Undergrad: 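Let me begin by handing over the structure; questions about it come next.
Owing to the predicted nature of the structure, the values given are computational and were not obtained by experimental measurement.
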Amino acid sequence: MKNRVINAYFRLLPTKGLYHVTMDELSKEAGISKRTLYRYFETKDALIDELFNHFFDRMNHEIDETIRKNNCAEDIFDGMSEIVCGSGQTMINPVVLEDLRQYYPHYWEKLDRFRINNIEKVIHSVIEENPECAKDIDPRLVSKIIISSMQAILNPYYVASNNLPIKETARQMLAFFKRGLGINSDN
């Protein structure tokens, strides 16, 4: 039943965000009574916490699988692009990001830490697989450059003020980093 509610919330996120979804709307979307909803989630905050845990678990699994299945840096970056533009779209959209900034800053910080940890994991994997791509650059600097860029660009302020589609922005950033690390075989 919990997964049913979580999936219903995920379906509402792109248009309603986190904050504006009511428990009435959620119970209707999940096809359960409000009473049943409260049996599983005592508060909306408990539900949002479970939503984030579910999202982080799913994303970690997809990222770990991408790293495990791919043996070259280009494939890892391409896999990350697919994850960000696929599953990541659930939480990485302007409505949700604005809600995080305005109403749930502690979840914004949690999402940011999650993002940083996974970027570091991917960069470590890429550099470990292709030490020549950053042989003259300390891997800590590569991580910091990529993380800082993502924090500056993939945030609600920058995306909204420049009227950029977040999916395309993320895709272009990954393409830029691939080129910069010399792992883009297409160009």
Undergrad: Got a second to check how far Ile119's CD1 is from Ile147's CD1, nearest 0.5 Å?
TA: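 Atom-to-atom, Ile119:CD1 and Ile147:CD1 are 5.0 Å apart.
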Undergrad: Could you grab the distance from atom CE of Met59 to atom CG of Leu111, nearest 0.5 Å is fine?
TA: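 That separation rounds to 9.0 Å.
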Undergrad: Does the pair Leu26 and Phe41 meet the rule for a side chain to side chain contact (heavy atoms under 4.5 Å, CB included), with working shown?
TA: CA-CA 12 Å; Leu26 196 52; Phe41 301 100; over 6 Å; no
Undergrad: Within the structure provided, determine whether Tyr104 and Ile48 are in side-chain contact (heavy-atom separation under 4.5 Å).
TA: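 Side chain of Tyr104 against side chain of Ile48, heavy atoms only: contact under 4.5 Å found.
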Undergrad: Taking atom CD as the centre, does Glu42 end up with more than 12 heavy-atom neighbours from other residues, nucleotides or ligands that are less than 6.0 angstrom away?
TA: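 Open.
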Undergrad: In the structure I gave you, are the side-chain heavy atoms of Leu51 and Met91 within less than 4.5 Å of one another anywhere?
TA: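 Leu51 reaches Met91 side chain to side chain.
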Undergrad: Decide whether Val122 and Ile145 are clustered together by the hydrophobic rule: side chain heavy atoms of Ile, Leu, Val, Met, Phe, Trp, Tyr closer than 4.5 Å, transitively.
TA: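 Shared cluster, no.
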Undergrad: Test side chain to side chain contact (heavy atoms under 4.5 Å, CB included) on Asp64 and Lys121 and set out the steps.
TA: CA-CA 9 Å; Asp64 290 345; Lys121 180 173 34 175; 2.7 Å; yes
Undergrad: Nearest 0.5 angstrom please: Glu29 CD to Arg11 CZ, how far?
TA: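 One gets 4.5 Å once the value is rounded to the nearest 0.5 Å.
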Undergrad: When you compare the side chain of Lys28 with that of Asp24, does any pair of heavy atoms fall below 4.5 Å?
TA: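 Sidechains of Lys28 and Asp24: no contact.
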Undergrad: Taking the side chain from Asp112 and the backbone from Trp108, do they hold a donor-acceptor pair closer than 3.5 Å?
TA: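 Side chain of Asp112 to backbone of Trp108, a donor-acceptor pair under 3.5 Å: no, none is there.
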Undergrad: Check the hydrophobic clustering (I, L, V, M, F, W, Y; side-chain heavy atoms under 4.5 Å; chains of links allowed) and say if Leu100 and Phe56 are grouped together.
TA: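 Yes, one cluster joins them.
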Undergrad: Which word best sums up how the rings of His54 and Phe10 line up, parallel for under 30°, tilted for 30 to 60°, or perpendicular for over 60°?
TA: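 Rings of His54 and Phe10: tilted, 30 to 60°.
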Undergrad: Side chains of Phe176 and Ser149: does their closest heavy-atom pair fall under 4.5 Å?
TA: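 Counting from C-beta outward, Phe176 and Ser149 never come under 4.5 Å.
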Undergrad: Could you tell me if the side chain of Asn60 sits less than 4.5 Å from the side chain of Phe114, heavy atoms only?
TA: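 Yes - at least one pair of side-chain heavy atoms lies under 4.5 Å apart.
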Undergrad: Any Lys/Arg nitrogen of Glu65 or Arg68 sitting under 4.0 Å from an Asp/Glu carboxylate oxygen of the other?
TA: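 Looking at Arg68 together with Glu65, the answer is yes, because their closest N to O distance falls below 4.0 Å.
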Undergrad: Taking Leu37 as the fixed residue, which of Arg4, Lys44, Met1, Met23 is the one that meets the side-chain contact (heavy atoms from CB on, under 4.5 Å) rule?
TA: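 With Leu37 as partner, Arg4, Lys44, Met1, Met23 yield a single side-chain contact (heavy atoms from CB on, under 4.5 Å), made by Met23.
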Undergrad: If two hydrophobic side chains count as joined below 4.5 Å and joins carry through other members, does Val95 share a cluster with Ile6?
TA: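 Looking at the clustering, Ile6 is in a separate group from Val95.
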Undergrad: Grab the two heavy atoms, one from Ser33 and one from Thr36, that are nearest each other, plus how far apart they are.
TA: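 Heavy atoms of Ser33 and Thr36 come nearest at OG-OG1, 2.8 Å.
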Undergrad: If we only count heavy atoms from C-beta on, is the His106 to Lys110 side-chain gap below 4.5 Å?
TA: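 Not touching, per the 4.5 Å side-chain cut-off.
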Undergrad: Let me confirm one number: the CD-CD1 distance from Glu62 to Ile67, rounded to the nearest 0.5 Å.
TA: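 Output value for this atom pair is 12.5 Å.
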Undergrad: NZ/Lys69 to CD1/Ile76 distance, rounded to the nearest 0.5 angstrom?
TA: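 Lys69 NZ to Ile76 CD1: 13.0 Å, rounded to 0.5 Å.
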Undergrad: Please check if Tyr9 and Tyr38 belong to a single hydrophobic cluster, counting links between Ile, Leu, Val, Met, Phe, Trp and Tyr side chain heavy atoms closer than 4.5 Å.
TA: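 Tyr9 clusters together with Tyr38.
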Undergrad: Determine, for Asp99 against Lys16, whether the closest basic-nitrogen to carboxylate-oxygen distance falls under 4.0 angstrom.
TA: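 Salt bridge absent between Asp99 and Lys16.
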Undergrad: Count the heavy atoms belonging to other residues, nucleotides or ligands that lie under 6.0 Å from OH of Tyr103, then report whether that count exceeds 12.
TA: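 Correct, the count exceeds 12.
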Undergrad: I would like to know whether Asp45 and Asp49 meet side chain to side chain contact (heavy atoms under 4.5 Å, CB included); could you show each step before the answer?
TA: CA-CA 6 Å; Asp45 284 342; Asp49 201 48; over 6 Å; no
Undergrad: Which distance, rounded to the nearest 0.5 Å, do you find between the NE2 of His20 and the CD of Glu25?
TA: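 Going from the NE2 atom of His20 to the CD atom of Glu25 covers 10.5 Å.
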Undergrad: Test side chain to side chain contact (heavy atoms under 4.5 Å, CB included) on Tyr107 and Leu18 and set out the steps.
TA: CA-CA 11 Å; Tyr107 286 113; Leu18 287 165; 5.7 Å; no
